[in-house]
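A short worksheet on the structure shown next.
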Amino acid sequence: MAALEFTRRYAMAHRLLADPASKCAVPHGHNETVVVRLEPHAAFRFGGSNALAPFDAVKGRWHRWIDDHVDHALQLRADDPLIDFFREREPQHLARVMTFPGDPTTEALAACFWLKLSAFLEDETLPYLVSQVRIEETPTNAVIMTREGFDADGCGMDAQAWPRRADMSINDIA
Ligand SMILES: [Zn+2]
């Protein structure tokens with residue numbers, strides 16, 4: 001069976017704190033595109049629907065999550081003091097904050113996308129595995145996560161953390 005690719009656009013904001021002198025330490029945004037590539041469990045064979053699953057079944061939940069939860073979210077590291085600001089002053093906006101262990105880089109986002117989409121596919125027992133996540137952060141910068149570059153089991157993300165859950169969550173803020 002053929003591999004599938006799905007593309008979605010979203011707007012986001014983040015800030016990176018590892019280098020306090022970087023201009024990335026101030027909240028700022030990007031209009032990004034994510035392209036996910038899915039490899040089928042089985043090779044193509046003629047017969048019946050000639051597809052392992054309808055496209056809508058494979059991409060529907062993924063695109064709903066991107067559109068309704070990732071789009072316009074603020075991406076922060078889990079220990080960013082801005083989270084306390086929202087908790088104390090604007091708790092109604094906490095659901096729009098996406099959290100990461102460490103800086104919310106595009107690499108970290110690609111890894112979280114990989115885990116979330118994998119959780120969706122597994123939850124719906126769809127016969128596909130994620131084989132690549134490509135994020136175009138700007139028209140000139142892209143991050144490409146491949147199976148060689150990403151070990152989903154050994155990446156250090158907690159087993160119960162939001163990227164591993166097949167729900168619509170984007171953080172673990174209580
Ligand atoms: Zn940025």
Side-chain angles (χ1 to χ4, degrees), residues 5-38 59 61-121 130-158 160-174:
E5 276 193 352
F6 299 116
T7 301
R8 209 68 170 173
R9 288 179 54 78
Y10 55 91
M12 53 73 80
H14 67 172
R15 71 167 181 162
L16 311 180
L17 297 180
D19 177 5
S22 165
K23 65 179 183 180
C24 296
V26 172
H28 63 279
H30 303 270
N31 291 310
E32 299 186 341
T33 300
V34 58
V35 184
V36 296
R37 185 178 177 88
L38 306 178
K59 71 179 186 183
R61 196 165 167 186
W62 169 245
H63 285 176
R64 272 197 305 283
W65 181 67
I66 294 286
D67 293 353
D68 297 346
H69 300 275
V70 175
D71 185 42
H72 282 70
L74 172 59
Q75 302 176 8
L76 298 174
R77 56 189 289 161
D79 59 356
D80 190 311
L82 280 178
I83 293 175
D84 286 334
F85 169 85
F86 280 105
R87 195 180 268 122
E88 287 158 21
R89 304 288 294 275
E90 299 182 19
Q92 72 275 22
H93 292 140
L94 274 177
R96 306 295 308 155
V97 175
M98 180 183 263
T99 57
F100 298 75
D103 270 353
T105 60
T106 307
E107 291 91 329
L109 182 61
C112 289
F113 280 172
W114 186 300
L115 295 173
K116 195 67 155 183
L117 178 54
S118 298
F120 288 158
L121 295 172
V130 179
S131 66
Q132 184 173 289
V133 173
R134 175 189 173 93
I135 297 176
E136 286 166 24
E137 182 194 62
T138 66
T140 51
N141 290 347
V143 165
I144 301 161
M145 200 69 93
T146 62
R147 234 176 250 155
E148 295 72 44
F150 183 58
D151 173 7
D153 295 328
C155 67
M157 181 63 72
D158 288 347
Q160 305 303 321
W162 69 262
R164 294 199 188 275
R165 296 198 304 266
D167 58 22
M168 292 284 140
S169 58
I170 60 171
N171 68 49
D172 296 302
I173 299 169

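Every number for a ligand or one of its atoms is a count from 1 in the order of the listing.
- For the pair Lys116 and Asp167, the salt-bridge criterion is met [side-chain N within less than 4.0 Å of a carboxylate O].
- A salt bridge does not link Asp71 to Arg8: none of the charged side-chain nitrogens sits closer than 4.0 Å to a carboxylate oxygen.
- Minimum heavy-atom separation, Arg96 to Ile170: C-CD1, 3.9 Å.
- Under a 4.0 Å N-O distance rule, the pair Asp80/Arg77 does not qualify as a salt bridge.
- Residue His93 holds its NE2 atom at 16.0 Å from CZ of Arg87, rounded to the nearest 0.5 Å.
- Excluding water, every protein N/O/S atom under 2.8 Å from the Zn ion (ligand 1) is given here by residue and atom: His14 NE2, His28 NE2, His30 NE2.
- Ring geometry for Trp65 versus Trp162: interplanar angle of 30 to 60°, hence tilted.
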